2 protein chains.
Amino acid sequence: MPNPIKKESLSDRVYATIKRQILSGELSGGMLISEEHLASQFGVSRTPIREAIRRLSEYGLVIIKPRSYAMVYEVDDKEVQDIAQVRLALEELTVRSLTPEAVERDIETLSRLAADCQYYMSVGNRAEVFVKDSEFHLELVRCTGNRALYDAYERLDAKVQLLRIAQNLNNDDLPRIISQHPSLIDALKKGDMELSTALMREHVIHSYLSR
Amino acid sequence: MPNPIKKESLSDRVYATIKRQILSGELSGGMLISEEHLASQFGVSRTPIREAIRRLSEYGLVIIKPRSYAMVYEVDDKEVQDIAQVRLALEELTVRSLTPEAVERDIETLSRLAADCQYYMSVGNRAEVFVKDSEFHLELVRCTGNRALYDAYERLDAKVQLLRIAQNLNNDDLPRIISQHPSLIDALKKGDMELSTALMREHVIHSYLSR
DNA sequence: ATCGTAAATATTGTATACAATCAATAGCTG
DNA sequence: CAGCTATTGATTGTATACAATATTTACGAT
């Protein structure tokens, strides 16, 4: 049958692209966003651009100053501790909610992501390490099956990624953090809540000690 | 000088209005949303309506089925426990983050909201009790000064409000819950973390025991 | 030269027109 | 009558045009 490729709207594509650009640092914090500029850049009209920008604003990645301009959200160093604490609370709930069966069921993906982290670490690609680390933790949250938790975590993770970029991917503890993933998986598989929680707590805390 | 009243855009006003209608139950879960219908209802074009709907979708209050329709988000009863657990995690972090000084500084507003709850309880207006209860807890979170926490809590609270409506505002423990507010304020003022946490935990847990 | 004011310029906000897609209905075929 | 196909109708997606507002530039007064 026909209807081959066209599925997502221009608005969706623009949204996804800008989001990716922000989270990868291609569009950095504080940078101004012009609707017309983006429109000509993407080769579309302003309409889908506007919708994308507004969605990103609601997502927390863009700040809109009404009737004047929009800019990429800029994380403040003072937010580091705040973000870390919220993340800790959500990660602890994640660990508490995870059953060994749920982890087993997704062990393939989890192991692969943990391995990806170590691989990129070994070749010195810190940017990609952080990407895979985020994916690993998001996957853990997904395994809980708690949608409300996932939604909250996903938005917070965006801020975490912005922070990592703002700190220029510096983190002396990165090798140690990454090496903890397999231990965490093991502890979760065994249902050792005590150990899992301890590992996760150390993991998260050390994620924000740089600088 | 001139320029007296006009500040917010139509898009913002529409967004706020629809949001309020959803959270008050005027627009109930599963109800379909037609852009044109809303446009004629608000007396504006489809443009600001579309932007508002998309923002609400990003907020989690509207579900968009691309190229067909949009509908008000419908909370599932199976989500009750999930939402409650996330809320508990965030509320516990809130209590841990609150200093007696921060509470003191905002004691006026907090006391007033607690009193409002009791007043509406006494006159049997359960809908308004829930509204003020939400405001009370949001105010507590605001007092922490943790923006990331506030953002996460605000979105979750929207789901909580939807749940309350879906459950038809039924909750046998409501009087007891409301009566705990002053004790909580006191415990927070004294910096009694132990008691504060215990109170808050009981508070949240009993908020979801109905049905 | 600096400050304030006014014209010019650019950008956002909204309405409208058109195109594309989906849902529903009617009609045809077996 | 069931099931498929085609056509109609309604709704969303995008582009464009215009209006309103903000920013910048130019200019004159002190």
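Chain naming here is simple, since letters A, B, ... match the order of the sequence lines and numbering starts at 1 in each. Since the structure is predicted, the reported quantities are computational estimates derived from the model, not experimental observations. Values below: all heavy atoms of this structure, side chains included; hydrogens, waters and symmetry mates excluded.
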ask   = Base, sugar-phosphate, or nothing: which does A:Ile49 touch, judged by heavy atoms less than 4.0 Å apart?
value =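 The residue A:Ile49 makes no contact with any strand.
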query = Under a 3.5 Å cut-off on both pairing distances, which runs of 3 or more consecutive Watson-Crick or G-U pairs involve DNA chain C?
reply =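 Correct response: C:1-30 with D:1-30.
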ask   = Do B:Arg112 and B:Asp106 meet the salt-bridge criterion of a basic N to acidic O distance under 4.0 Å?
value = no
ask   = Are any of the side-chain nitrogens in B:Arg147 or A:Asp76 under 4.0 Å away from the carboxylate oxygens of its partner?
value =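 No, this pair does not count.
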Does [X] make a side-chain N or O approach to OP1 or OP2 of [N] shorter than 4.0 Å?
X	N	answer
A:Arg54	C:dG13	yes
B:Arg50	D:dT12	no
A:Ser45	D:dA15	yes
A:Arg67	C:dA10	no

Donor-acceptor contacts, no H, no angles, side chain residues 22-32 of chain A, under 3.5 Å, sequence neighbours left out:
{"from": "A:Ser24", "atom 1": "OG", "to": "A:Arg20", "atom 2": "O", "distance (Å)": "3.1"}
{"from": "A:Ser24", "atom 1": "OG", "to": "A:Gln21", "atom 2": "O", "distance (Å)": "3.2"}
{"from": "A:Ser24", "atom 1": "OG", "to": "A:Glu26", "atom 2": "N", "distance (Å)": "3.4"}

In whole Å, what is the span from the [atom1] atom of [X] to the [atom2] atom of [N]?
X	N	atom1	atom2	result
A:Glu8	D:dT14	CD	P	10 Å
A:Tyr69	D:dT21	OH	P	19 Å
B:Glu35	D:dG13	CD	P	6 Å
B:Glu51	C:dA15	CD	P	11 Å
A:Ile53	C:dT14	CD1	C1'	16 Å
A:Leu10	C:dT21	CG	C1'	14 Å
B:Asp12	C:dT12	CG	P	15 Å
B:Lys65	C:dT21	NZ	P	16 Å

key: Donor-acceptor contact present, side-chain B:Arg126 to main-chain B:Leu169, <3.5 Å   = yes
key: Distance-only side-chain donor-acceptor flag, A:Ser134 / A:Asp157, under 3.5 Å   = yes
Starting the side chain at C-beta, find the nucleotide from [options] nearest to [X].
X	options	result
A:Ser9	D:dT14, C:dA15, C:dT12	D:dT14
B:Val44	D:dT14, C:dA15, C:dT12	C:dA15
B:Ser68	C:dT12, C:dA23, C:dT16	C:dA23
B:Arg46	C:dT14, C:dG13, D:dG13	D:dG13

request  = Apply the side chain to side chain contact (heavy atoms under 4.5 Å, CB included) test between A:Ser196 and each candidate in A:Ile185, A:Val103, A:Leu188, A:Leu98; give the one that qualifies.
outcome  =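 Checked A:Ile185, A:Val103, A:Leu188, A:Leu98 against A:Ser196; only one passes side chain to side chain contact (heavy atoms under 4.5 Å, CB included): A:Leu188.
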Could you list the donor-acceptor pairs under 3.5 angstrom formed between side-chain atoms of residues 51-66 of chain B and any protein atom two or more places apart in sequence or on another chain?
{"from": "B:Glu51", "atom 1": "OE1", "to": "A:Arg50", "atom 2": "NH2", "distance (Å)": "3.4"}
{"from": "B:Glu51", "atom 1": "OE1", "to": "A:Arg54", "atom 2": "NE", "distance (Å)": "3.4"}
{"from": "B:Glu51", "atom 1": "OE1", "to": "B:Ser11", "atom 2": "OG", "distance (Å)": "3.4"}
{"from": "B:Glu51", "atom 1": "OE2", "to": "A:Arg50", "atom 2": "NE", "distance (Å)": "2.9"}
{"from": "B:Glu51", "atom 1": "OE2", "to": "A:Arg50", "atom 2": "NH2", "distance (Å)": "3.3"}
{"from": "B:Arg54", "atom 1": "NE", "to": "A:Glu51", "atom 2": "OE1", "distance (Å)": "3.4"}
{"from": "B:Arg55", "atom 1": "NE", "to": "A:Glu58", "atom 2": "OE1", "distance (Å)": "3.2"}
{"from": "B:Arg55", "atom 1": "NH1", "to": "B:Asp12", "atom 2": "OD1", "distance (Å)": "2.9"}
{"from": "B:Glu58", "atom 1": "OE1", "to": "A:Arg55", "atom 2": "NE", "distance (Å)": "3.2"}
{"from": "B:Glu58", "atom 1": "OE2", "to": "A:Tyr15", "atom 2": "OH", "distance (Å)": "2.7"}

